[in-house]
Amino acid sequence: MDRIRNIGFIAHIDAGKTTVTERVLFFTGRTYKIGEVHDGTAVMDWMAQEKERGITITAAATTCEWKGYRINIIDTPGHVDFTAEVERSLRVLDGGVVVFDAVSGVQPQSETVWRQADKYHVPRICFINKMDRVGANFQRTIDMISDRLSANPVAVQIPVGEEISFVGVIDLVEEKAIMFSDEGGFIPTEAPIPEEMLEHVRGYRDRLVEKVAETDDILMSKYLDEKPISKEEIKQAIRRATIKNLIVPVLCGSALKNKGIQGMLDAVCEYLPSPLDVPPVSGIRPKTGEVVFMKADESAPFSALAFKVMTDPHVGRLVYLRVYSGQMKAGTAVYNSTKATRERMGRTLSMHANRREETEVISAGDIAAAVGLKNTFTGDTICSEGSPVILESIRFPEPVVSVAIEPKTKMDQEKLIDSLIKLSEEDPTFRIKVDDETGQTIMSGMGELHLEVLVERLRSEFQVAANIGRPKVSYRETITEPARAEGRFIRQTGGHGQFGHVWLELEPLERNAGIQFENKIRGAAIPKEYIPSVEKGVREALETGVLAGYPVIDTKISLVDGSYHPVDSSEMAFKMAGSIGVKEGVRKAKAVLLEPIMEVEVVTPEEFLGEVLGDLGGRRSRIRNIDGQGALQTVQAYVPLAETFGYITTLRSLTQGRASQTMEFGHYEEVPQAVALELVKG
C-alpha cells in the first residue's frame, strides 16, 4: 500500500490540467496515443459537452503505473460552476498536483481550489506549466504562490531558459540538468548543469536546503554546523515536510510539448503521501456516537465513502468509492450505515475515464466504482455490517442560481422529472423542486454555465426538450395591526339552507412564528364539532393573501364568538364563514408584502472591495460586517432575493473572477413601499 498514490490535478480553468493528465497516461503506457483537448480527443474529457467546449465538466478517474507505483488520478474541472466536482475529489484524495499557467501565475480559481485543499489538509506539489509561452515567468509564479496563497513554495526544479528558449529543467536535489533535445520532448537526456547557470543554480539550491532544514531538526543542526547533507536526506526531508503541509515542492515544464512530465511523475511518487502516510480517517459508530479511526489496513473491517454517482449508458448506475480500510469482493453484501440499509455490491470496476475494467477485489487505498448499489448516494458510507461506521460526509456549497424549467411538449413532461432526478443524484449541487405557489419546476445550480450544461445534457443524453426561464420570487404577506372581523355565510335553498357565523380577532406575530389559531369561545355560541371546520377555512384562506395572492404568515387568529342554526348549520358553512371572516380581517389589519432576504457572504481580494460594496449598495443590501484576513476581505450582507439574480456573473466580472460568494436564505422582511406598489400592480 505504500506504493499507491491517490492524487488529483487541480487548477484554474485553462491552466492545462487535462493536458498534463493526457501526457501522464501516455508516458505511463496507459494510452498509446496522446489526446488533445483542443481537438476533442482527450481521454479524460469524454463527455460531448466537454469535447464541444474544450473544458472539463466532470471529474474523471483513471489508474496508471509508474516505476512500480500505482497512481490513481482524478482530473478535476477548473470552472467555478463545477466547484462541487473539485470538493468531492479533494475529500477522497491523499495528495494533489496544482497546475499553474507560467504566464498568468496564480489565477482566481487557483485560489479557490487551494482553499478547498487547505480545508481537507491535502498535501500538494505545484507544476508550473506552459514554460514555453511568451511571457512565462517561473520566479514570478513562485512569488504569487507565496503572496496570494500564503503558501511556502520550494523550487525543486528550475527551468533552463524561458519562453521560446525553454529547453530543459535543472533538478536541484540531484544537481543535474534534464534536457529535452528531441523535437517532441519525448526523450529527456541528462546533462551537466550549463556553466553560465552555476551561480543561479547555487542560489536556488541553497534556498531549497535552507527551507527544508527549517522543517527538520536533524537537518537544521547539520546545516548550521555546515556538515554535508546527502541527496537522500534532502529527499526524505522534502517528503516529510510536504506530507505535513509545511512546504510545497515546485516543478516546471510544458505539458503540450511533453516537457517535464517524467520529473513530475517522479515527484508524485517521491514526495506525495501513500494511504499509509495520511492520518486515519475518522468516523462515528451509528448507535453509540463513539469516534473511531479507520486505519488503512487490508485486514481491518471494510469501510468506504461514496463520493460520486454516475449514470453509465452501458452498465447503469455507477457509484465511485474511496476505500479507507479492509477489503471487499465483488458480489458480496455490504451495509450502507448512513441509510441503515443492506446493499449488494455487484461488479467492482477500475475506471479509466468512461471505460471500465473489472476487478475482483477492492482494498484499502483504492479508488474504484461499483455497480448494484441502488440506494447509495454521494457522501454515504459503505461498510461491513459487523462493524458499522459513518465517515464524515462531504459538505457541498448551496446552489445560488435558479431557473424555471418546463417541457416543450406533453410527451416530455414525465421524462423531464425522471431525467432531472437522475441528474440531481449525480450532482449534489443541482437541486430540483416544484413550487407549490407558482406550479413551476425550479432547478438550482452553481452558476449559469452549470445549468446550461445540464439543460444540454437533458437534450442529448435523455432526449428531453425543455424551455428555461426566470423563476418567480416567493413573496409573503402579513398583517401589521390587530383587527376584528365578522364572517357570515348564509344560503337559502329548497330544503336545508347553509348557516355559519363567526367573529375573529387577528393580531400580528413576530417573524417565523407561523399561523396560530386559538378557540376563545366560552359557552355554546358555536358547537364544538364546527370549530375544526372554522380553522380549516381560516388556514386555507390564508394560503392566498389579499394584496397580491401570496401566502399570509406570522399571524394569530382567535375565534371569539359566533352563532349557529340548529338545522341549517354545517361543517361546510362554518368553513366558508371562517374563510370570509379571515379575508375581511386581513384587509382591516393593514396587510404588507414581505420578501425573502438572503444572507450573502462575499470573499474578495482587497483591491476589489470598493466595487463589491458599490454593487451591493445598488441591490438594496444591508452590510452586516466586513472582516479582513491577509489580502482577502469578507463582506457579510443581507440582500433581497429579487436582487440576487445574475449576481454571481456580475461579481465575477467586477473582480476578474477572483471573488467567491455563498448565499443562503435568512428571513423575511417588509418590502419597501415603491417595490410593493410595482408587485401589487404586476
Side-chain angles (χ1 to χ4, degrees), residues 1-7 66-69 71 93-98 114 117-118 120-128 138-139 142-143 145-146 149-158 169-178 190 192-193 197-252 262-281 293 295-297 365:
M1 209 184 301
D2 62 340
R3 298 184 85 76
I4 293 177
R5 298 288 180 271
N6 290 315
I7 65 157
W66 180 253
K67 296 185 178 175
Y69 286 85
I71 306 175
L93 291 170
D94 301 326
V97 178
V98 190
W114 195 273
D118 279 343
Y120 293 112
H121 308 294
V122 176
R124 60 219 95 136
I125 62 175
C126 297
F127 181 73
I128 299 177
F138 179 75
Q139 188 53 49
I142 286 189
D143 294 341
I145 293 170
S146 184
L149 306 176
S150 307
N152 185 14
V154 177
V156 291
Q157 284 183 353
I158 58 169
V169 297
I170 287 168
D171 185 325
L172 296 173
V173 180
E174 297 285 350
E175 296 182 278
K176 64 184 180 192
I178 297 157
E190 289 185 13
I193 296 167
M197 286 188 72
L198 283 170
E199 198 58 43
H200 183 59
V201 170
R202 194 169 296 119
Y204 268 100
R205 192 168 197 279
D206 288 349
R207 218 170 309 154
L208 163 70
V209 175
E210 188 183 328
K211 279 199 170 185
V212 173
E214 281 170 9
T215 67
D216 193 290
D217 293 343
I218 299 166
L219 243 63
M220 182 51 101
S221 62
K222 276 193 166 188
Y223 178 73
L224 293 173
D225 295 342
E226 296 185 5
K227 288 181 181 169
I229 300 171
S230 73
K231 292 170 186 174
E232 200 48 51
E233 282 177 309
I234 293 174
K235 272 190 185 173
Q236 284 172 3
I238 293 173
R239 178 178 173 75
R240 285 192 296 270
T242 305
I243 291 170
K244 286 181 189 162
N245 272 315
L246 298 173
I247 64 165
V248 185
V250 180
L251 301 98
C252 60
Q262 294 95 329
M264 185 202 64
L265 279 167
D266 289 342
V268 163
C269 300
E270 282 167 0
Y271 304 136
L272 288 179
S274 74
L276 297 172
D277 296 316
V278 290
V281 68
F293 292 94
K295 281 195 177 146
D297 182 352

Separation between NZ of Lys176 and CD1 of Ile170, rounded to the nearest 0.5 Å: 12.5 Å
With sequence neighbours excluded, residues passing side-chain contact (heavy atoms from CB on, under 4.5 Å) with Pro279: none
By ring-ring contact (aromatic ring centres under 6.0 Å, His included) - contacts of Tyr223 (at least two apart): none
Heavy-atom closest contact (Pro153 atom, Ala151 atom, distance): CD-O, 3.3 Å
With sequence neighbours excluded, residues passing side-chain contact (heavy atoms from CB on, under 4.5 Å) with Val122: Leu90, Ala117, Tyr120
Flag side-chain contact, heavy atom, 4.5 Å: Leu251 against Val156: yes
Ser150 side, atom OG; Trp114 side, atom CH2 - distance, nearest 0.5 Å: 10.0 Å
Partners meeting side-chain hydrogen bond (donor to acceptor under 3.5 Å, both in side chains) with Asp266 (sequence neighbours left out): Trp66, Lys67
Heavy-atom closest pair, residues Pro123 and Asp94: CD-O, 3.1 Å
ring-ring contact (aromatic ring centres under 6.0 Å, His included): pairs with one or both residues in residues 225-248, sequence neighbours excluded: none
Spacing of Leu172 atom CG and Ile234 atom CD1 [to the nearest 0.5 Å]: 9.5 Å
Leu272 and Ile7, any side-chain heavy atoms less than 4.5 Å apart: yes
Criterion side chain to side chain contact (heavy atoms under 4.5 Å, CB included) on Gln262 and Ile178, from CA distance to verdict: CA-CA 10 Å; Gln262 294 95 329; Ile178 297 157; over 6 Å; no
Heavy-atom side-chain proximity of Val169 to Phe138 below 4.5 angstrom: no
Minimum heavy-atom distance Ala155-Leu208, with the two atoms named: O-CD1, 3.8 Å
CD1-CD distance between Ile128 and Gln157, expressed to the nearest 0.5 angstrom: 10.0 Å
Asp143: partners by side-chain hydrogen bond (donor to acceptor under 3.5 Å, both in side chains), with sequence neighbours left out: Gln139
Pairwise side-chain contact, Thr242 with Val154, heavy-atom cut-off 4.5 Å (strictly under): no
Atom of Val209, atom of Ile229 and distance for their closest heavy-atom approach: CG1-CD1, 3.9 Å
Pairwise salt bridge (charged side-chain N to carboxylate O under 4.0 Å, His left out) hits with a residue in residues 224-233, at least two apart: Lys222-Glu233
Non-neighbouring partners of His121 that pass ring-ring contact (aromatic ring centres under 6.0 Å, His included), sequence neighbours left out: none
Heavy-atom closest pair, residues Leu219 and Val212: CD2-CG1, 3.9 Å
Those residues that, when tested against Arg5, pass side-chain hydrogen bond (donor to acceptor under 3.5 Å, both in side chains) (two or more places apart): none
Derivation of the side chain to side chain contact (heavy atoms under 4.5 Å, CB included) call for Asn245 and Arg124: CA-CA 8 Å; Asn245 272 315; Arg124 60 219 95 136; 3.7 Å; yes
Qualifying salt bridge (charged side-chain N to carboxylate O under 4.0 Å, His left out) pairs with a residue from residues 208-220, counting only residues at least two apart or across chains: Asp216-Arg240
Interatomic distance, Arg239 atom CZ to Asp277 atom CG [nearest 0.5 angstrom]: 4.5 Å
Inter-residue atom distance Ser274.OG - Ile243.CD1, 0.5 Å rounding: 7.0 Å
Closest heavy-atom pair and its distance - Gly365, Ile4: O-CG2, 3.9 Å
Partner residues of Leu246 under the side-chain contact (heavy atoms from CB on, under 4.5 Å) criterion, sequence neighbours left out: Thr215, Ala241, Lys244
Set of side-chain hydrogen bond (donor to acceptor under 3.5 Å, both in side chains) partners for Arg202, sequence neighbours left out: Glu199
Side chain to side chain contact (heavy atoms under 4.5 Å, CB included) assessment of Val268 paired with Ile71: CA-CA 9 Å; Val268 163; Ile71 306 175; 4.3 Å; yes
